[in-house]
There are 2 protein chains.
Amino acid sequence: MPVELRALQSLRLWHDVNLDLVHEGADLSVRQIAILLTIYLEPPPHTVRGLAAKLNVTKPVITRALDSMGKLDLVTRRRDTLDKRNVIIQRTVAGALAVERLGDIITARAKELPL
Amino acid sequence: MPVELRALQSLRLWHDVNLDLVHEGADLSVRQIAILLTIYLEPPPHTVRGLAAKLNVTKPVITRALDSMGKLDLVTRRRDTLDKRNVIIQRTVAGALAVERLGDIITARAKELPL
DNA sequence: TCAGAATAATACGGCACCGAAACGAATGGT
DNA sequence: ACCATTCGTTTCGGTGCCGTATTATTCTGA
């Protein structure tokens, strides 16, 4: 099952999924989505500093994104016990479900693509 | 060339492309991207009212998105000559290039996906 | 013709985010 | 024991988007 997406199919897929996201009022910014998926796809541990470097944004951006996503219970923070300056970002059940749901949306839209 | 994206591949693709978008500072919101792609993928003509209905958002959202995207020269507005209440949203060269570029990013990232 | 509907734009108050700078806590080197 | 460094957070001023309500313009139908 090779992944063969041509440009027009790619755009159609991007359009359809974004439309779905807008429809269900999932108002996460592009940055927040990038952060969320990094946390759930890349191997832990994740720190503020590491995420900032990975996304090439400033640390306050990460802190604020974690604040807002934390309110939505999509991620949690914990102090690193070995180096108490560090904060370890952890996954949550609700976050895992949300990510899984996004995967389902994309997969479903990809299936519907015209060949 | 069937499109077969499984959930994990979908998420990886979404993550990678969003990361690219963040990296190059293309700070369009999810709504704006949905609007832009609708304009460039769906058959014209496009009106404020039509886009608002399609995205299920209020009309001021469309007006403001057109304002900001107009500043970036991604779209243009023109009064409908037949019914002067209407505004026709038109594509621009810069907008077409931006959309094309997005398609390339997605396609490239899809190619890199682990099987 | 003219009252009402339809369309897009604007006004308003509120909220969230941004970048830069400053800050407090914790660490590590000497 | 110090002091520079690291790390995450907070503060500051500014910007942009949101939803609701209102406006100006244009069309339509009786």
Side-chain angles (χ1 to χ4, degrees), chain A residues 18-19 21-39 44-91 98, chain B residues 18-19 21-39 44-91 98:
Chain A
N18 273 297
L19 213 52
L21 294 180
V22 170
H23 275 154
E24 68 186 49
D27 49 355
L28 289 184
S29 70
V30 175
R31 280 183 174 188
Q32 287 171 335
I33 294 174
I35 294 172
L36 187 67
L37 289 181
T38 297
I39 294 169
H46 298 288
T47 63
V48 173
R49 158 183 101 272
L51 290 172
K54 177 128 203 158
L55 302 199
N56 198 29
V57 296
T58 59
K59 287 187 291 178
V61 167
I62 304 296
T63 294
R64 286 183 292 243
L66 294 179
D67 286 344
S68 52
M69 293 196 293
K71 271 183 207 158
L72 301 174
D73 197 33
L74 297 176
V75 294
T76 318
R77 275 184 275 206
R78 192 201 60 184
R79 276 283 163 190
D80 184 351
T81 50
L82 284 94
D83 186 339
K84 290 181 189 140
R85 290 173 301 181
N86 291 334
V87 160
I88 307 294
I89 291 93
Q90 293 181 297
R91 305 168 186 177
Chain B
N18 272 297
L19 213 53
L21 294 180
V22 170
H23 275 153
E24 68 187 50
D27 50 355
L28 289 183
S29 70
V30 175
R31 281 184 175 188
Q32 289 172 333
I33 293 174
I35 294 172
L36 186 68
L37 288 181
T38 297
I39 294 169
H46 298 289
T47 63
V48 173
R49 163 182 99 273
L51 290 173
K54 176 128 203 157
L55 302 199
N56 198 30
V57 297
T58 60
K59 287 189 287 182
V61 168
I62 304 295
T63 294
R64 285 184 294 242
L66 295 179
D67 286 344
S68 52
M69 292 195 294
K71 272 184 205 157
L72 301 175
D73 196 33
L74 297 176
V75 295
T76 318
R77 274 183 276 205
R78 192 198 60 177
R79 276 281 164 192
D80 184 352
T81 51
L82 285 96
D83 186 338
K84 290 185 188 133
R85 291 173 301 181
N86 291 334
V87 161
I88 307 294
I89 292 94
Q90 293 181 297
R91 306 167 185 179

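Scope of the values below: all heavy atoms of this structure, side chains included, with no hydrogens, waters or symmetry mates.
- The side chain of A:Gln32 has C:dC17 as its nearest neighbour among D:dT20, C:dC17, C:dC18.
- In this structure, the separation between CZ on A:Arg77 and CG on A:Asp67 is 4.5 Å, given to the nearest 0.5 Å.
- Per the geometry, CD1 belonging to B:Ile33 stands 15 Å off C1' belonging to D:dC17, to the nearest Å.
- Between the side chain of A:Arg77 and the base of D:dG8, no donor-acceptor pair of N or O atoms lies under 3.5 Å.
- Here the nucleotide nearest the side chain of B:Asp83, chosen from D:dT26, D:dA21, D:dC7, is D:dT26.
- Nucleic acid contact class of B:Arg49 (heavy atoms, under 4.0 Å, all strands): sugar-phosphate only.
- Taking atom CZ of residue B:Arg31 and atom C1' of nucleotide D:dG19, one finds them 9 Å apart after rounding to whole Å.
- Atoms CG and CG, from B:Leu37 and B:Leu28 in turn, are 9.5 Å apart once rounded to the nearest 0.5 Å.
- One atom, CZ of A:Arg78, and another, C1' of D:dT9, lie 19 Å apart when rounded to the nearest Å.
- The residue A:Thr58 sits close only to the backbone: its heavy atoms come under 4.0 Å of sugar-phosphate atoms, none of a base.
- The distance between atom CD1 of A:Ile62 and atom P of C:dC17, rounded to the nearest whole Å, is 13 Å.
- Among D:dC18, C:dA8, D:dG8, the nucleotide with an atom closest to any side-chain atom of B:Lys59 is C:dA8.
- At the heavy-atom level, B:Leu82 lies under 4.0 Å from the strands shown only through sugar-phosphate atoms.
- Taking atom CD1 of residue B:Ile89 and atom C1' of nucleotide C:dA8, one finds them 10 Å apart after rounding to whole Å.
- Between B:Leu66 atom CG and C:dA8 atom P there is a gap of 10 Å when expressed in whole angstrom units.
- A:His46 contributes atom NE2, which lies 14.0 Å from atom CG of A:Asn86 (distance to the nearest 0.5 angstrom).
- Taking every side-chain heavy atom of B:Asn86 into account, C:dT7 is the closest of C:dG19, D:dT10, C:dT7.
- A:Arg85 contributes a side-chain N or O that forms a donor-acceptor pair with the base of D:dT6 under 3.5 Å.
- Separation of atoms CG (B:Leu36) and CD1 (B:Ile89) is listed at 12.0 Å; rounding is to 0.5 Å.
- Here D:dG8 is the nucleotide among D:dG8, C:dT7, C:dA9 with the atom lying nearest to any side-chain atom of A:Thr47.
- Spacing between atom CG of B:Asp67 and atom C1' of D:dC18 amounts to 14 Å, rounded to whole angstrom units.
- You'll find that the side chain of A:Thr63 is closest to D:dT9, out of C:dA11, C:dT7, D:dT9.
- For A:Asp80 and C:dT27, the CG to C1' distance is 12 Å, given to the nearest whole Å.
- Position along DNA chain C of the nearest nucleotide to A:Ser29 versus A:Lys84 favours A:Ser29 as the more 5'-ward residue.
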Begin with the C-alpha distance, continue with both residues' side-chain angles, and end with the deciding distance and a verdict on side chain to side chain contact (heavy atoms under 4.5 Å, CB included) for A:Val75 and A:Arg91.
-> CA-CA 5 Å; A:Val75 294; A:Arg91 305 168 186 177; over 6 Å; no
